[in-house]
Number of protein chains: 2
Amino acid sequence: MNKLFKALNDPTRREILEMLKEKDLTAGEIADRFHISKPSISHHLDLLRQAGLVVSVKEGQFISYSLNTTVMDEMLQWILQFTNNNKSS
Amino acid sequence: MNKLFKALNDPTRREILEMLKEKDLTAGEIADRFHISKPSISHHLDLLRQAGLVVSVKEGQFISYSLNTTVMDEMLQWILQFTNNNKSS
DNA sequence: AAAGTATTTAGATATTTATCTAAATATTAA
DNA sequence: TTAATATTTAGATAAATATCTAAATACTTT
């Protein structure tokens, strides 16, 4: 839970997630869309992976990143405890 | 949105929100439940207030804090864009 | 095997953040 | 009005984080 909130507490990382929502991308493709060095993006991807928000698969020379939405559910539940959406009737 | 994620990226602050879910509390009552100094708790409350997650009302000598759930909706929507819960049928 | 490409790891640095103590402000009670 | 209580503000410090460049690793192509 901690790692999840930590991972989401950065605009670059949230933007990466939104990109991956559209389609899977390689580390390089992601880096190319930011004015940030590749090592920095690599680090962001690592944090997203640690939080379980993305999954990486090696495809030859490339590493493809894709979204893992199941982890979002945990967060969804946490938020719903505060909202009225969880009231019966 | 940035302030919202920032505010939630701290276990103490998340715990404060869970306390306020049960009932409104004064700054002192909140501080008493942690082994953290009052100024530090005051600072956490300030960040929560900046994010719109809590509202404070002065009641004489005390300041009462209460949850503001409406802000959570914004976050809920952000998360739902990734989940399958928003698919039609 | 050597060169090129993709990505990560290592190490450094500047900024942000959580925390503390001391002091300031504001309200209540004596 | 003085003392006590509640909370915040100010200023300092240690730890965490985002970023960079340089180097290492791993795969592919020639």
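In what follows, chains carry the letters A, B, and so on, assigned in the order in which the sequence lines appear, proteins first and then strands, with residues in each chain numbered from 1.
Here the P atom of nucleotide C:dT5 and the CD atom of A:E59 are 20 Å apart, to the nearest Å. The interatomic distance linking A:E29 (CD) with C:dA6 (P) rounds to 10 Å, in whole Å. With rounding to whole Å, B:K3 atom NZ is found 11 Å from C:dT17 atom P.
Contact check, B:K58 against C:dT27: a side-chain N or O comes under 4.0 Å of OP1 or OP2.
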Residues 15-25 of chain B side chain polar contacts: donor-acceptor under 3.5 Å, at least two apart:
residue : atom : partner : partner atom : Å
B:E18   : OE2  : A:W78   : NE1          : 3.0

Hey, can you pull the donor-acceptor pairs under 3.5 Å for the side chains in residues 39-47 of chain B, sequence neighbours left out?
residue : atom : partner : partner atom : Å
B:S40   : OG   : B:S37   : OG           : 3.0
B:H44   : ND1  : B:R13   : NH1          : 2.9
B:D46   : OD1  : B:R49   : NH2          : 2.4
B:D46   : OD2  : B:Q50   : NE2          : 3.2

Less than 3.5 Å apart, which donor and acceptor atoms pair up between the side chains of residues 54-65 of chain A and the rest of the protein, not counting sequence neighbours?
none

Short N/O separations, protein against nucleotides 3-5 of chain D, under 3.5 angstrom:
residue : atom : partner : partner atom : Å
D:dT5   : O2   : B:Q61   : NE2          : 2.5

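By the salt bridge (charged side-chain N to carboxylate O under 4.0 Å, His left out) test, B:K3 is found to be paired with no residue, residues two or more places apart in sequence or in another chain being considered.
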I need a per-nucleotide contact map over nucleotides 8-19 of chain D, read 5' to 3'. Cutoff is protein heavy atoms under 4.0 Å; write B for the base, S for backbone only, - otherwise. BB-------SSB

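The CG atom of A:L76 lies 5.5 Å from the CG atom of B:L80; values are rounded to the nearest 0.5 Å. Rounding to the nearest 0.5 angstrom, the gap separating the CE atom in B:M72 from the OG1 atom in A:T83 is 6.5 Å.
Between A:L8 and B:K6 the shortest side-chain heavy-atom distance does not fall below 4.5 Å.
The backbone N or O of A:G52 lies less than 3.5 Å from a partner atom in the side chain of A:N68, making a donor-acceptor pair.
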